[in-house]
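Keep in mind it's a predicted model, so treat the numbers as computed, not measured. Heavy atoms only: backbone and side chains are in, while hydrogens, waters and symmetry mates are out. Each ligand, and each atom within it, is numbered from 1 in the order the structure gives.
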Amino acid sequence: MKVAKFGGTSLANAEQIRKVCQIVRADKERRIVVVSAPGKRHPSDTKVTDLLIAYAQRRLNEGEAASEKQAVINRFVEIMEGLELPAQLSREIVAELEESLAATPADQPDRFVDAVKAAGEDTCAKLVAAYLRQLGEQAEYVNPREAGLYVTDEAGNAQVLPEAYDRLQSLRQRQGIVVFPGFFGYTPDGVLVTFSRGGSDITGSILAAAVKADLYENFTDVDSVYAVNPNLIANPKEIRVITYREMRELAYSGFTVFHEEALLPAFRAGIPVCIKNTNNPAAPGTKIVSGRETKDAPVAGIASDKGFCSIYVSKYLMNREIGFGRRLLQILEEEGISYEHTPSGIDNISVILRERFFDEKTESRVIKRIMDELHVDEVSVERNLALVMIVGEGMRRSVGVCARATAALANARVNLEMINQGSSEVSMIFGVKAADADKAVLALYQEFFTAQSTFPQPAATR
Ligand SMILES: Nc1ncnc2c1ncn2[C@@H]1O[C@H](COP(=O)(O)OP(=O)(O)O)[C@@H](O)[C@H]1O
Ligand SMILES: N[C@@H](CC(=O)OP(=O)(O)O)C(=O)O
């Protein structure tokens with residue numbers, strides 16, 4: 001049995017949905033289909049999820065949002081007309097959509113926004129199931145609440161609860177094709193909560209783990225995962241096979257093609273994942289597995305992500321002060337801030353954070369606490385940083401990867417703010433100014449993936 005997830009661009013209009021259904025029908029093993037909400041039809045278009053967010057925000061601010069509501073309905077009506085679904089059925093689907101949108105924000109705006117956002121995936125699943133039936137397939141829409149996709153109560157950032165897996169297992173016994181909306185689940189008390197953005201990938205992975213699928217297929221709009229974001233470099237090297245660990249690191253730092261939280265359920269259950277293209281299903285795609293041969297090249301991929309900042313703290317004899325690191329991180333914990341990395345020297349330590357958790361008010365509070373409570377010599381904050389990451393299982397066995405990377409960055413005149421090699425040795429992170437991030441990625445790509453390397457190639461050590 002396979003679980004196949006289709007992303008927003010794969011469902012953007014009637015023509016795309018026809019392709020999706022053709023792919024589903026082409027393999028009898030594709031028994032569970034997870035759908036996103038319709039995405040962009042062209043680069044300047046708006047995803048249905050973003051239309052829904054605009055609707056929810058305006059309802060919250062102004063009480064009504066008629067034109068935003070109509071924009072959502074129009075997208076679905078256009079799709080259903082294009083698929084030639086019976087008028088009565090289309091009216092029923094639209095009526096259910098309108099019912100979800102009519103919910104009152106009351107005093108829990110987060111819950112209202114989540115319920116509205118989920119309507120995109122929910123409506124899409126209903127109409128895809130209807131279209132599959134129109135094609136003669138036995139197909140049913142399954143609601144995450146009825147199926148037992150239980151999640152935590154964190155609006156817009158749900159986490160699956162362990163008991164969900166047992167409940168969802170029974171999907172395996174269903175006859176015909178199950179069409180399941182991605183992106184949301186319910187708390188055990190019945191409150192709808194969405195995953196973070198891009199979270200339909202997570203739904204697919206959870207279902208694949210729960211039903212012990214042979215394969216989790218993730219259909220998107222590119223032939224494969226590439227060694228670098230194809231929006232930065234044209235026609236980059238395709239990755240055929242990548243490990244869960246490599247993909248997790250790359251997804252963390254900018255490979256938006258697969259949600260970083262989506263790997264864990266499949267990984268724990270040992271389910272292989274394949275990223276494929278709805279517009280070119282014959283292409284082999286990228287397989288994510290637990291282990292792979294690494295003799296060809298040390299680096300599998302290069303990713304970058306902006307929006308980081310760094311708190312630099314120095315204090316003479318910091319290395320002798322027992323508990324210094326804990327007390328520093330405790331200040332962040334008490335302020336509700338998660339941190340990303342902590343590169344350190346003998347008498348200094350930097351804490352790298354996502355800027356979105358560190359506005360100016362928080363910054364002044366945290367800096368004051370660090371000075372008052374830790375009596376440091378110096379504390380400063382640097383903003384507008386990017387993290388550029390090179391990732392590869394083969395790096396562990398290769399000499400000189402760091403030298404090659406830093407030489408390439410130096411040649412491109414990129415100043416390094418920070419270097420961090422994770423203890424797993426699967427990745428190396430370079431902190432650079434956000435304005436230099438693309439230049440850094442290009443320089444590293446040329447070094448590790450093209451014949452333009454200027455550095456002597458060292459041999460593998462063991
Ligand atoms: N390294 C990469 N390899 C492939 N695609 C990437 C990579 N990094 C970023 N992307 C982007 O991810 C997009 C697919 O992800 P997404 O838009 O979330 O798809 P979907 O709507 O199918 O879920 C691609 O169109 C591409 O622009
Ligand atoms: N529709 C949701 C969830 C999702 O996974 O979408 P996509 O498959 O288009 O990335 C979002 O836009 O966040």
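F219 and F6 have their aromatic ring centers within a separation under 6.0 angstrom.
At a 4.0 Å heavy-atom cut-off, the residues surrounding ligand 2 are K5, G7, G8, S36, K47, T49, E121, F183, R197, G198, G199, S200, listed by chain and number.
Side-chain contact, Q22 with K19: no donor N or O sits under 3.5 Å from an acceptor N or O. A donor atom on one side chain and an acceptor atom on the other are found under 3.5 Å apart for R59 and Y55. Inspection of the E84 and Y131 side chains reveals no N or O donor paired with an N or O acceptor under 3.5 Å.
With sequence neighbours excluded, no residue forms a side chain to side chain donor-acceptor pair (under 3.5 Å) with D221.
Shown are V426, L250, I288, V391; of these, the side chain to side chain contact (heavy atoms under 4.5 Å, CB included) with R245 is made only by V426.
Taking the six-membered ring for Trp and thresholds of 30 and 60 degrees, Y445 and F449 have nearly parallel ring planes, at less than 30 degrees apart. The aromatic rings of F267 and Y244 stand perpendicular to each other, their planes meeting at an angle above 60°, with 30° marking the opposite boundary.
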Could you pull out the N/O contacts under 3.5 angstrom between ligand 1 and the surrounding protein atoms?
{"from": "ligand 1", "atom 1": "1 (N)", "to": "Y226", "atom 2": "O", "distance (Å)": "3.1"}
{"from": "ligand 1", "atom 1": "3 (N)", "to": "Y226", "atom 2": "N", "distance (Å)": "3.0"}
{"from": "ligand 1", "atom 1": "19 (O)", "to": "T220", "atom 2": "OG1", "distance (Å)": "3.1"}
{"from": "ligand 1", "atom 1": "21 (O)", "to": "G8", "atom 2": "N", "distance (Å)": "3.1"}
{"from": "ligand 1", "atom 1": "22 (O)", "to": "T220", "atom 2": "OG1", "distance (Å)": "2.8"}
{"from": "ligand 1", "atom 1": "23 (O)", "to": "K5", "atom 2": "NZ", "distance (Å)": "3.2"}
{"from": "ligand 1", "atom 1": "25 (O)", "to": "D221", "atom 2": "OD1", "distance (Å)": "2.7"}
{"from": "ligand 1", "atom 1": "25 (O)", "to": "D221", "atom 2": "OD2", "distance (Å)": "3.3"}
{"from": "ligand 1", "atom 1": "27 (O)", "to": "N231", "atom 2": "ND2", "distance (Å)": "2.9"}

Can I get a per-line list of side-chain donor-acceptor pairs under 3.5 Å for residues 432-443, giving both atom names and the distance, sequence neighbours left out?
{"from": "K433", "atom 1": "NZ", "to": "E382", "atom 2": "OE2", "distance (Å)": "2.4"}
{"from": "K433", "atom 1": "NZ", "to": "E417", "atom 2": "OE2", "distance (Å)": "3.2"}

